[in-house]
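What follows is one structure encoded as structure tokens, with my remarks underneath.
Any value given below was found using the heavy atoms of this structure, including those in side chains, with hydrogens, waters and symmetry copies removed. Computed from a predicted model, the values in this text were never measured in an experiment. Below, chain A is the first sequence line, B the second, and so on; all start at residue 1.
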Protein chains: 2
Amino acid sequence: MGGGPGGTRTREGRTLTGSTPQRPKRGRPSRLSREHIVTAAYEIILKEGAENLTMRRLASALGSTAMAVYHHVRDKDELLTLTLEHAARALPRPELPEEPRERLATVCGLMHQAFVSNPWVVPIVARGELVDMPAVWMTEEIVGALVGCGLSRERAVEAHRTIWYYTAGQILATVPRPGGPGLPPAAAPAEAEGRHHYLRGVRHILDGVLPAPGSH
Amino acid sequence: MGGGPGGTRTREGRTLTGSTPQRPKRGRPSRLSREHIVTAAYEIILKEGAENLTMRRLASALGSTAMAVYHHVRDKDELLTLTLEHAARALPRPELPEEPRERLATVCGLMHQAFVSNPWVVPIVARGELVDMPAVWMTEEIVGALVGCGLSRERAVEAHRTIWYYTAGQILATVPRPGGPGLPPAAAPAEAEGRHHYLRGVRHILDGVLPAPGSH
DNA sequence: ACCTGAACACCGTTCAAGT
DNA sequence: ACCTGAACACCGTTCAAGT
């Protein structure tokens, strides 16, 4: 990447900013932006694992240098946080069943799935205090559904925390060793089994936390 | 527990006669041993945090060189595992109440306390598959007490896993940022509160997992 | 304002010797 | 057998410039 001086008219300059046409990988952006950086970081993490995301690796993927990145991002920690938010934004938010208890199980399943799809976030989430990481709406849905099941706001928050801790621990213990460029296909059954176990555990916690079905 | 070549401990000793006089830091051992190394590593972790344990730092604490350590330990990973086992061995094992449900709460409290006292083990435990880390007897006690509460062996193992995941997640989210040489004294109330919340969560899980108290 | 190359202060670990 | 110093292949990050 000598970056010859003959760049001529590569700077397409004026208004890229409106609604970006989104051409994230083709071509090679002559100017960095936070969005480009985060997108590239996200791709590296998905393809090569979070432990292979280095400032130099990222820079080379961007056709730039490590130090150029630092002009847009304070440090690697901020980069990771940004990338995590990027991933959270990409999470699906499907329709949820009305019945509170079904709704709970569904949201928990989604939360679990979100972590299974992005196992690299677990250590990052874990080390911050950002307990409500997966996506704020999940936290709100869970607390809301718990209230819908008859819990006070206070106990609902407490119960949510119990579920969240359980979820974090389950993912942490279950997630496959990082490193491989892609998940080995043999992991699919293990993943399904992990999901099954997780949901059983959630159901147990709900049994303990919610008032008995009849005692309304 | 493979152990190195000639795994016999106490090669230095004709008879150390049980209770080693224990002079772990005074003087400077001219010859390294696995035990010295692990003890020194443990002290560094306790005093300066696990993230400050480097091979060079450890070597200098031993009055030796980094490479000398490698003659007794395969790599840093093995060193950490050894140190973790060392810490597990130092855990207290007090009398436990007979009544299974009380026994459960007590063991869970001990497990939690073990992690609070040694927060550095959490990431290490998490990344291995050594789910039964804190100490094997804790796992056995918990499963045993669950069986004592009326669960089948199979469901007891499952319930143990639920509790374990919850515990790991709670510690992970609760433990203070590492780095400081010692806990700030202001952390004591937070620690008590964390313990309280943890135990409430455990009780909820037990409520969900165990047969109703009357339904024997 | 944005980007660059070189350099700093670290890592874990390998190598070729020393005794 | 045990230990050593030097070196390798990395990190994240700072600095002093370049345009």
ask   = Is the shortest side-chain N to carboxylate O distance from A/R103 to A/E95 below 4.0 Å?
value =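 No, this pair does not count.
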Using a cut-off of strictly less than 4.0 Å, decide whether [X] has a side-chain nitrogen or oxygen near OP1 or OP2 of [N].
X     : N     : value
A/S64 : C/dC3 : no
B/T65 : D/dT4 : yes
A/H72 : C/dC3 : yes

Can you check the [X] [atom1] to [N] [atom2] distance for me, whole Å?
X     : N      : atom1 : atom2 : result
A/H71 : C/dC3  : NE2   : P     : 7 Å
A/L53 : D/dC11 : CG    : P     : 10 Å
A/H36 : C/dC2  : NE2   : P     : 14 Å
A/R34 : C/dC2  : CZ    : C1'   : 15 Å
A/D77 : D/dT13 : CG    : C1'   : 13 Å
B/R56 : D/dC8  : CZ    : C1'   : 11 Å
A/I37 : C/dC2  : CD1   : P     : 11 Å
B/Y70 : D/dT4  : OH    : P     : 15 Å

ask   = Starting at the 5' end of DNA chain D and moving along, which residue's nearest nucleotide shows up first, A/M55 or B/M67?
value = B/M67
message = Taking the nucleotide of DNA chain D with the nearest heavy atom to each, does A/T54 or A/R74 sit closer to the 5' end?
response = A/T54
Distance, nearest 0.5 Å, that separates CD1 of B/I142 from CG of B/L110 =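 It is 9.5 Å, given to the nearest 0.5 Å.
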inquiry  = Could you check, using the six-membered ring where one of them is a Trp, whether A/Y165 and B/Y198 have ring centers closer than 6.0 angstrom?
reply    = no
request  = Tell me which of A/A68 and B/A66 sits closer to the 5' end of DNA chain C, going by the nucleotide each one is nearest to.
outcome  =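 Result of the comparison: A/A68.
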ask   = Under 6.0 Å from the CZ atom of A/R153, do we count more than 12 heavy atoms belonging to anything else shown?
value =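 No - once you tally the heavy atoms of other residues, nucleotides and ligands closer than 6.0 Å, there are 12 at most.
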message = Would you say CZ of B/R74 has more than 12 non-hydrogen atoms from neighbouring residues, nucleotides or ligands within 6.0 angstrom?
response = no
query = For D/dT14, which nucleotide in any strand shown is its Watson-Crick or wobble partner with both distances under 3.5 Å?
reply = C/dA6
